[in-house]
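Down below is the structure, laid out as structure tokens.
Sequence lines set the chain letters: A, B, ... in the order given, protein chains first and strands last, and positions in each chain run from 1. All values below were derived from every heavy atom in this structure, side-chain atoms included, with hydrogens, water molecules and symmetry-related copies excluded.
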4 protein chains.
Amino acid sequence: MIAVIKSTATESQIKNLIGWFEKQGVRVNESKGEFCTVLGLIGDTTGIDIDLLSGLDIIENVTRISDPFKKANRKFHPEDTIVDIGGVKIGGGNFAVIAGPCSVESEEQIVETAKAVKAAGATLLRGGAFKPRTSPYDFQGLKEEGLKLLIKAREATGLPIVTEIMGADQLHLFEDIDCLQVGARNMQNFELLKALGKSGKPVLLKRGIAATMKELLMSAEYIMAEGNENVILCERGIRTYETYTRNTFDLSAIPMLKELTHLPIVADPSHATGKASLIKPMSMASVASGADGLEIEVHPNPSKALSDGAQSLTPAQFEDVSAAIARIRAAL
Amino acid sequence: MIAVIKSTATESQIKNLIGWFEKQGVRVNESKGEFCTVLGLIGDTTGIDIDLLSGLDIIENVTRISDPFKKANRKFHPEDTIVDIGGVKIGGGNFAVIAGPCSVESEEQIVETAKAVKAAGATLLRGGAFKPRTSPYDFQGLKEEGLKLLIKAREATGLPIVTEIMGADQLHLFEDIDCLQVGARNMQNFELLKALGKSGKPVLLKRGIAATMKELLMSAEYIMAEGNENVILCERGIRTYETYTRNTFDLSAIPMLKELTHLPIVADPSHATGKASLIKPMSMASVASGADGLEIEVHPNPSKALSDGAQSLTPAQFEDVSAAIARIRAAL
Amino acid sequence: MIAVIKSTATESQIKNLIGWFEKQGVRVNESKGEFCTVLGLIGDTTGIDIDLLSGLDIIENVTRISDPFKKANRKFHPEDTIVDIGGVKIGGGNFAVIAGPCSVESEEQIVETAKAVKAAGATLLRGGAFKPRTSPYDFQGLKEEGLKLLIKAREATGLPIVTEIMGADQLHLFEDIDCLQVGARNMQNFELLKALGKSGKPVLLKRGIAATMKELLMSAEYIMAEGNENVILCERGIRTYETYTRNTFDLSAIPMLKELTHLPIVADPSHATGKASLIKPMSMASVASGADGLEIEVHPNPSKALSDGAQSLTPAQFEDVSAAIARIRAAL
Amino acid sequence: MIAVIKSTATESQIKNLIGWFEKQGVRVNESKGEFCTVLGLIGDTTGIDIDLLSGLDIIENVTRISDPFKKANRKFHPEDTIVDIGGVKIGGGNFAVIAGPCSVESEEQIVETAKAVKAAGATLLRGGAFKPRTSPYDFQGLKEEGLKLLIKAREATGLPIVTEIMGADQLHLFEDIDCLQVGARNMQNFELLKALGKSGKPVLLKRGIAATMKELLMSAEYIMAEGNENVILCERGIRTYETYTRNTFDLSAIPMLKELTHLPIVADPSHATGKASLIKPMSMASVASGADGLEIEVHPNPSKALSDGAQSLTPAQFEDVSAAIARIRAAL
């Protein structure tokens, strides 16, 4: 970490500051320039609060040189992490396709979809039992009942389950679930992250609505700091001013994160774009960019008005996407 | 709500869709144009999922005409809501100044600051006991012990307390706290919002890191839908690409929200700008724009290197801000 | 276009408004609801100013149903446009690779690079003679001299030239240039767009720093409205709050724009990411997403400290990217 | 400027880089740490391209310590600049109110409005003759004829004129205009900025659609580097994801820019919010935050359907705003 001190700072102010740094356990290398003094902080600076420092009157500017994440950092852990979800591996060359409906609606719906997506190449089943909704008046999911139906679908197909948890106090309900998803709105629900860290279960951590990659990695670090290294990151689009797509799919985040971390990274083109017609090209692009997997919404029953053409694909469309992904994977 | 149907939709697809709307309890007014068919939905459409609709193949475009928030909506509740926090009123012409340190550090620190801010015009005391931090390695607050120290400071000064809660399972610890703050990162932690709704306690709800005003109001609605109308909104800056300030202070949100809702709205120039030197002008601007109150960080001990000039003001600087605010309030 | 009128509007205000619409040549379909009146505007509404309308007191909300671009619209021109740049075709299945240095520096540099990129598979040569720089103190390019050196490089290799123009009054200098590039900062320099429209020359139009896709298409429309249909769009990243990459590469814009328009679309991973290490994966992803071409910075002389590893690739790295692109193209 | 070199860099790579810096005329202070080498660059680094540097393979991170703007920098020019627009001063305690219609429509319209805004307290007249429009099919202004009508309005009232110029080749038409406005879309039209720099005329430079404050100051620097110090900055809102207001009014930019530069700064609440009802509170807030002036749209003829309640105020509403501004100014 480098702190640039303003030319207006007095000697005693600088001394005080250096003393404070040393109390935090970091060594300080002082170098005086014409217009400013530069302090180089050496040692473990992860505990130094950069926002607090930046706000000091005598500080011109603070820059963190080393990344503030440690356990997630590829520098200290060069090999790819491989996460095992109920026997299905992801990361380190293992590619996973997580597919299923947005919400679990009924036993028939989820079992039928599970069979269809398995036949079309999915390796994991997704489906929402607890649904975070912007409005309290929108459907909030089947909750516990939904979890039970997911387990039935797993029994029928053998596909391990990925489903969302919304609070630390729900953890006991998820004991028989293979992988717990943290939604974008909860990416910085630190109480939930700590609880998941203690659980030891595989976690699929979605990037926050407007989170930076660094914040995503720091949230992974919360889980890992409790001893759980089974974390999978997910790029699902970020908020911008563009309106033709629901979010802006930050696909560069896939290869960028692969440089920064050893954790597996999947892409979610369904939420990132919000448009069924973009899922196929963006799934192919995700694979070409180096993603370790995909999460795709598939809805079973194209006869209902509402399922026809929503951001979910039909099973037949999903099969077409699966084949396209396979062609790209073969070309890599 | 208005749904525009693509010219490529078949008669039977449109019929199906209309049938589905009617099952949701809304009446549909169909009007055929040259290039498209327009469906006007009449009745209570708050339960209709606009994202789902927008994703349908046959839909060109969906627009919600009426705002999706009801209890927070000024249209249905024209008079200003006045919230009572331990005897201090806010809203409907009652102006509150919430001041205190970022974190509670010790009994001496919090009691001393409480006395200083009271003397300088504060009407409520703030101070963090549970601290949401991006990094798991940063100081997380004194927790329960911090809450006890806040109560001591209240005993010493009579100032009611505003402090942050981070999870639904902490609620029992906050029984003797006057107003519970929901931080920006938890604005869409719906499990927490519902628990606060049931608690009936005054809630200070901060706008999310990159939340729209509509999302802020929908989160207020989550609390109100459980029967708790004691909600105060807080504008604290939103995330953009500008870097001279920590966030972009969306001050227009104050008068805009006052049109949309009857709830009181306060501004937090400390977090919105991240710069001590901007707090005075932006506090004055907040008052001039119509805010019902301010939340300002004040730190007691200017002799410590780290408190000197951080985003916190010293008590003396806060007194200067208080006087400036009073001049603007007199001019309104 | 649909205008929703507030319930507080009087009959005579609505009448006035309808009269005004009819004077603009559009027919109006009025439908009264419980809470509002909805006006459907039928006919050519491209001339109606949506911002002006939205600002009216009596208007709740205005939505444009049909896209405001006509000549660029795929609805009215379903076949892909193919642009011919000095004999090299792009669009409609023709894939182009535009490569070369950021700036033209010397005859040796540009000729050498042109030969190297041609050998590695480039079909068009890029190189900046006029350079838009944020700071007036930064290098502004070799200007006219740079254009002459580009022509020498074309003579040596046969590669047609793509280079940036910064103002309408420079047009006479570009007579012998094959394709004129409009930079991100000039995407809404309407005087320049109109002049390029009159010139009839192929134009490579880069998306603005923070432009929406609709604005990009409207800027293409400015060129096309003057009779020049030789427009190629370019996605080069947009501004967000993410800092690991220089911009956020909005790759979904490639398939989204291909739905909306018949114009060819290329991707520029060099500017979109600002990182040499991301160019290969994001070039592959661009091709997989359906791009009609790529624009990639290549710098010839890896022995200079400054060229080594900048956002430019070396010729050898570019050759590797070319091979990877070819593999993806074969898989499509 | 501080450059942090990766631990993987070789001695000879670092030597090369230092040699290159020295050729650019800056001295280099090298300091080796455990994990990296830090180079402090001393002297005039305004010519060093930070983007180019950041992209180098051996560079971890580059930070500019001193601001890249010189002539606009308050550090080197502590006193406020006062700009004289046809006898009306702005800056250094002189407050200006620039008012008038969005577009000049007719002699009657502009003369009538000029008289009305003068009576209500405006000191400068605004009105668009050349109009930048997103769509080529929208009204583009009366052009030369509009400039003549503005001059007539000045003759009738004595109010100096502020109006927009869109290209360097229009400059000869603006000889008799008092202050030339550069619109948000042209903030980085560098050819135009240089031409205005040479003209010596007062320039009102609006912040770009999504420009940072630093970019705004660098664009001012383009004008000033040509010898013209008569530059007034204007905050007019920036692009974000919020939709209730047209832009997000970054009001903190007013006091922040006043710290960074000596140039006068005005606020434009009309464009920043896009809502007539927000202009009064945000004008008051702008004044309270320290603005040197306001630019407000006023339209004369409330009987036309379209002028009634647009983002423009009526003369009577403007009078009310003027009185409110005066109260806030008195309180400062």
Contacting region of A/S270 [heavy-atom separation from chain B under 4.5 Å]: neither

Shortest non-hydrogen contact from A/Y222 toward B/Q140: OH-NE2, 3.1 Å

Pairwise side-chain contact, B/P136 with A/K194, heavy-atom cut-off 4.5 Å (strictly under): no

Best-contacting candidate, B/A210, B/G208, B/G167, B/A168, against chain A by heavy atom pairs under 4.5 angstrom: B/A210

Interchain contact, B/T212 with chain A, by part (heavy-atom threshold 4.5 Å): both

Salt bridge flag under 4.0 Å for residues B/R185 and A/E215: no

Contact winner vs chain A - B/K70, B/M187, B/K15, heavy-atom pairs under 4.5 Å: B/K70

From OG (A/S135) to NZ (B/K214), nearest 0.5 Å: 11.0 Å

Closest non-hydrogen atom pair, B/D138 against A/I48: OD1-O, 4.4 Å

Student check: side-chain heavy atoms of A/F190 and B/K131 closer than 4.5 Å: no

Close side-chain approach of B/E191 to A/Q170, heavy-atom, < 4.5 Å: yes

Closest-packed option against chain B by number of heavy-atom pairs under 4.5 Å, given A/T134, A/T240, A/L193: A/T134

Spacing of CG belonging to B/N189 relative to CG belonging to A/N189, to within rounding of 0.5 Å: 4.5 Å

Under 4.5 Å from a heavy atom of chain B, the part of A/N186 involved: side chain

B/P68 portion near chain A, given a 4.5 angstrom heavy-atom threshold: backbone

Within 6.0 angstrom of B/E144 CD, more than 12 heavy atoms from elsewhere: no

Top contributor to chain B contacts, counting heavy-atom pairs under 4.5 Å, from A/R246, A/E226, A/M166: A/R246

